[in-house]
Amino acid sequence: MTRMIKIFDTTLRDGEQSPGASMNVEEKVMIAKQLARLHVDIIEAGFAFSSPGDFEAVKRIAHEVEGPVIASLARAKPEDVDSAWEALKGAPKVRIHTFISTSDIHLKHQFRLTRDQALKRAVEMVERARGYVEDVEFSPMDATRSDETYLCEVLEAVIAAGARTVNIADTVGYAIPHEFGSLIRTIRERVPNIQQAVISVHCHNDLGLSTANSLAAISEGAGQVECTINGIGERAGNASLEEVVMTLRTRRHLFGADTRIHTEEITKTSRLVSKITGMTVQANKAVVGANAFAHESGIHQDGLLKEKMTYEIMTPASVGLGQSRLVLGKHSGRHALKKRLEELGYQLTEEELNAAFERMKRLADQKKEIFAEDIETIVNEELSKIPEAYVLRKIHVESGSEVTPTATIELAVNGQSIQNVAKGDGPVDAAYKTIAAITQTKSRLLSYVVAAITGGTDALGEVTVRLEEDGKTVMGYGADTDIIVASAKAYLNALNKLAYWKTKKGQGDGKVGLI
Ligand code: KIV
Ligand code: ZN
């Protein structure tokens, strides 16, 4: 019989710990809704105690997103567990996920706790969480560098205290597949009450082994995998959801296991996460990279034309790729847009629909054909809007082989029009220098990435930038048929986020560290 492996998505928590990947509450809610469409079993919506923003995100997702169980992370501390419950209470399907380290390296050098003290804290906090909810998960952090006998002792104690999932964390991505698989086997053999809990695994990718380790654990009986979209996460990231899920789907007979994931939603989810976090996916990334289904060699192309099975182990359609349908044109009305949006899984308010419709009309003037991806881009931009201190009014850029690139830009700055002109090394540089002069920003541009959303020279170009100021990194995103305009929008989007963050900073929005 095929076992169903639970998919615990931690894109919004561990994924957000990727440098620069911070998301605002609206963005998190949007991703959570897409994760629900993807059919993940559990969404770790955040770490409620860590900041007011995370608290709000956990609360809103728990109340607004239907389908998956919504979890909040909590250190093994009373204030964390209580805050997780505060954010989750009243919502239909919730979990508290508490954790403490079990490795001597962490206990001795970081927490200054003895093994006995850590075990006691773990048990007390699981009991405290069980006082609030049935569904409690416990993670022994750095489990793979912990003494096995002590680890098994802790697991037995937390299960006896009421943990229903125990999550074996390879926190520093140190494990090797056969070793990790054998750790899971040992836990099954040596923890007497292990049948009362689901064994979960949480693998980091420091040695590029997170997917392999997760799969080795499944082979040895793990029933839940913690993972993230595009494999984002702390340092080298976490096991990538799409890799784990598509391996199980493609080789389900070998594993005797599968997941409930609607794999056709994978590409869309990957794009959304990439857009919102600004973490572009490498072209050769398994499953979701731009080249994942591109066959370049003549021999391969010849084989594929004769029979797809020759070089294709899964179809692009199975991950929702290649369904770039022409969905709307210049003469489509508001009703058609609403219907298409519903088909794509979006429920917009009347106000959001109006804004998206206006954008769609403008785009239709610039571009004959509008594809599903274009509509997603527009909607994502509309839904993730934050208050805008800077609004682009006009932009004119001169460039070419015989002229010095010069940009003339007019912005509304807190409602007041300001215009400026600057020269640069190229048209984007000129535009950015002009915007920097108007906004007087002290931020540093860390990265600038351009990509085309759909094919053709009239494609919507999307630009993602990353800015840093006072230790805060933000991502900006802009899309337009004119790449210079898209660049200006992306820069302004990031500057607006920084401005918004500064207004919030006064209200204590800085996050506490994980430990
Ligand atoms: O990597 C880790 O150990 C974690 C825990 C909080 C589960 O993210
Ligand atoms: Zn982690």
Side-chain angles (χ1 to χ4, degrees), residues 4-13 15-16 23-46 57-58 60-71 91-95 224-232 240-246 248-249 258-277 281 287-288 314-325 327 337-349 352-353 356 371-384 453:
M4 282 297 157
I5 305 299
K6 289 185 191 211
I7 294 296
F8 176 114
D9 182 279
T10 182
T11 305
L12 299 176
R13 198 280 296 169
E16 205 204 15
M23 306 167 228
N24 64 38
V25 176
E26 290 306 327
E27 291 168 337
K28 286 186 182 176
V29 173
M30 203 189 310
I31 290 180
K33 288 188 175 163
Q34 179 55 31
L35 290 172
R37 288 191 279 270
L38 182 64
H39 237 219
V40 304
D41 297 281
I42 302 110
I43 296 175
E44 188 161 55
V58 173
R60 280 200 46 199
I61 292 169
H63 287 83
E64 290 176 30
V65 178
E66 283 173 30
V69 170
I70 308 301
K93 289 161 80 178
V94 299
R95 171 179 295 190
Q224 174 179 292
V225 173
E226 300 202 352
C227 43
T228 59
I229 302 296
N230 301 336
I232 64 171
S240 125
L241 179 147
E242 58 279 6
E243 291 174 15
V244 172
V245 165
M246 288 315 288
L248 289 179
R249 185 63 49 90
D258 201 347
T259 68
R260 293 183 193 82
I261 293 296
H262 290 175
T263 59
E264 296 76 12
E265 292 288 324
I266 284 179
T267 301
K268 192 166 143 197
T269 318
S270 162
R271 283 206 197 110
L272 180 66
V273 169
S274 165
K275 240 172 242 172
I276 287 181
T277 58
V281 174
V287 186
V288 292
M314 53 191 161
T315 65
S318 68
V319 297
L321 196 72
Q323 293 160 337
S324 257
R325 294 171 297 131
V327 286
L337 175 66
K338 187 164 184 238
K339 201 154 161 287
R340 289 292 182 239
L341 284 170
E342 279 166 6
E343 280 169 16
L344 291 169
Y346 293 101
Q347 301 283 347
L348 266 61
T349 62
E352 288 162 350
L353 179 67
F371 295 89
E373 290 89 334
D374 296 325
I375 296 195
E376 276 171 23
T377 300
I378 289 175
V379 172
N380 293 341
E381 275 196 355
E382 289 305 322
L383 292 183
S384 63
I453 296 170

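From a predicted model like this one, the values you see are computed outputs, not experimental measurements.
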Any sub-3.5 Å donor-acceptor pair from [X]'s side-chain atoms to [Y]'s backbone N or O?
X: T10; Y: E226; answer: no
X: T259; Y: V245; answer: no
X: T228; Y: I232; answer: yes
X: Q34; Y: K268; answer: no
X: T277; Y: V273; answer: yes
X: D41; Y: I7; answer: yes

Over all atoms of both residues, closest heavy-atom pair of [X] and [Y]:
X: I61; Y: A45; result: CD1-CB, 3.8 Å
X: A57; Y: K28; result: CB-CD, 3.6 Å
X: A317; Y: E264; result: O-CG, 3.8 Å
X: S270; Y: V281; result: OG-CG2, 4.1 Å
X: K33; Y: E64; result: NZ-OE1, 4.1 Å
X: P92; Y: A62; result: CD-O, 3.8 Å

Flag side-chain contact, heavy atom, 4.5 Å: [X] against [Y]:
X: R37; Y: H262; result: no
X: R249; Y: D258; result: yes
X: L35; Y: P68; result: no
X: R271; Y: T267; result: yes

From CA spacing to verdict: side chain to side chain contact (heavy atoms under 4.5 Å, CB included), I31, L12: CA-CA 8 Å; I31 290 180; L12 299 176; 3.8 Å; yes
Qualifying residue for side-chain contact (heavy atoms from CB on, under 4.5 Å) with T269, from L38, L241, N230, I261: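 Passing option: L38.
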When rounded to the nearest 0.5 angstrom, what distance separates [atom1] in [X] from [atom2] in [Y]?
X: E44; Y: C227; atom1: CD; atom2: SG; result: 11.5 Å
X: L321; Y: T315; atom1: CG; atom2: OG1; result: 9.5 Å
X: K6; Y: R260; atom1: NZ; atom2: CZ; result: 7.0 Å

NE2/H39: more than 12 non-hydrogen atoms of other groups inside 6.0 Å: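 For H39, atom NE2 is not crowded (no more than 12 foreign heavy atoms under 6.0 Å).
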Steps toward side chain to side chain contact (heavy atoms under 4.5 Å, CB included) verdict (V319, E242): CA-CA 9 Å; V319 297; E242 58 279 6; over 6 Å; no
